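Both counts, for ligands and for their atoms, begin at 1 and track the order of listing. Since we're looking at a predicted model, the values are computed, not measured.
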Amino acid sequence: MPDAQTTAHIIDGKAFAAGLRARVAAEVARFRDYHQGRPGLAVVLVGEDPASQVYVRNKGKQTVEAGMESFEHKLPADTTQEQLLTLIAGLNHNDAVNGILVQLPLPGHIDAEAVIDAIDPAKDVDGFHVVNTGKLTIGADDALVPCTPLGCLMMLKDHLGDLTGARALVLGRSNIVGKPMASLLLREHCTVTIAHSRTRDLAAECARADILVAAVGRERMVKGDWIKPGATVIDVGINRIPAPEKGEGKTRLVGDVDFDAAVKVAGAITPVPGGVGPMTIACLLRNTLVAACQQHGYAKPDL
Ligand code: GUN
């Protein structure tokens with residue numbers, strides 16, 4: 001008989017995201033029946049960053065597929081901050097627009113914080129405005145929550161059920177992922193640690209964690225032997241590395257976790273690609289519908 005090699009359950013983010021998109025589409029249909037109008041999402045792209053162009057195209061496509069209205073604003077790289085703020089003011093006042101997303105990063109001459117600050121918090125489907133980060137921190141019900149950590153939390157709850165009392169380690173302290181992830185896990189009654197580049201003994205911190213969320217943007221930094229046996233590992237990293245085995249000049253995507261080693265130790269793990277990535281846009285669609293419902297005083301859809 002072959003050796004029984006234990007391997008982690010692979011959390012299928014692609015399938016989970018497809019399910020969430022279907023639930024959002026069903027709720028959008030209900031919204032349209034009741035409201036005689038559809039939720040609208042405005043996406044603003046400044047410049048020609050190729051990766052951002054792909055994201056924005058996918059957002060627009062999936063918004064329409066969910067039955068919502070998509071407004072795309074593609075502005076040249078030399079757009080001034082004032083011009084961008086004028087566009088946002090118009091979107092804030094446009095009743096057909098329920099959600100506003102300004103694709104990051106912005107060109108260097110534009111102050112991203114000032115731009116995020118100009119978005120109406122009720123339409124801030126990225127959840128980056130200080131009003132929403134504050135609401136998340138105090139556990140307010142109507143906070144719009146950043147999409148990537150929200151997707152991570154949904155997958156964790158789907159796999160583990162109740163997270164109460166679990167030791168969670170968030171690796172990374174960005175405003176987009178690490179900090180909101182920690183707030184969400186705290187809201188679920190986890191014991192939360194945030195580790196980062198200056199943490200003294202990262203391996204020891206990881207070894208204590210029942211839940212490990214890696215969001216540092218360093219390819220395969222988390223080693224298999226850092227992981228607590230049976231832990232649930234969520235890998236937010238999307239890092240492109242050379243893949244000469246696929247041919248000259250070819251590349252492939254890897255996460256922040258050394259998947260091949262981690263899969264032999266963890267209880268469950270998200271792959272890269274096909275893990276967290278597909279959940280981000282699905283959560284953006286969810287947030288747009290939630291924002292539209294909140295703006296009209298309708299009950300929050302159950303998603
Ligand atoms: N760029 C990379 N991820 C994101 C995101 O979640 N929101 C926005 N606005 N820009 C991004």
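Surrounding NZ of K157 are at most 12 heavy atoms belonging to other residues, nucleotides or ligands under 6.0 Å away. For K223, the NZ atom counts as densely surrounded, since its 6.0 Å shell holds more than 12 non-hydrogen atoms of other residues, nucleotides or ligands. Within a 6.0 Å sphere centred on NZ of K246, other residues, nucleotides and ligands contribute more than 12 heavy atoms.
Between the side chain of D256 and the backbone N or O of R218 there is at least one donor-acceptor pair closer than 3.5 Å. Checking side-chain atoms of R32 against main-chain N and O of G67 turns up a donor-acceptor pair under 3.5 Å.
Under 4.0 angstrom from ligand 1, there are no non-hydrogen atoms of Y55. Here V102 has backbone heavy atoms under 4.0 Å from ligand 1, and that is the only part of it that gets that close.
Looking only at protein heavy atoms, the nearest one to atom 4 (C) of ligand 1 is Q103 NE2, 4.5 Å. Of all protein heavy atoms, the one closest to atom 1 (N) of ligand 1 is L104 O, 2.9 Å. Of the protein's non-hydrogen atoms, the one nearest atom 9 (N) of ligand 1 is D126 OD2, 2.6 Å.
V272 places none of its side-chain heavy atoms less than 4.5 Å from the side chain of F259.
For ligand 1, the polar-atom distance check finds no N/O of K59 at less than 3.5 Å from any of the ligand's N/O atoms.
Atoms of ligand 1 lying under 4.0 Å from at least one heavy atom of L101, given by number and element, are 9 (N).
Distances from atom 6 (O) of ligand 1 to the protein include at least one heavy-atom value under 4.0 Å.
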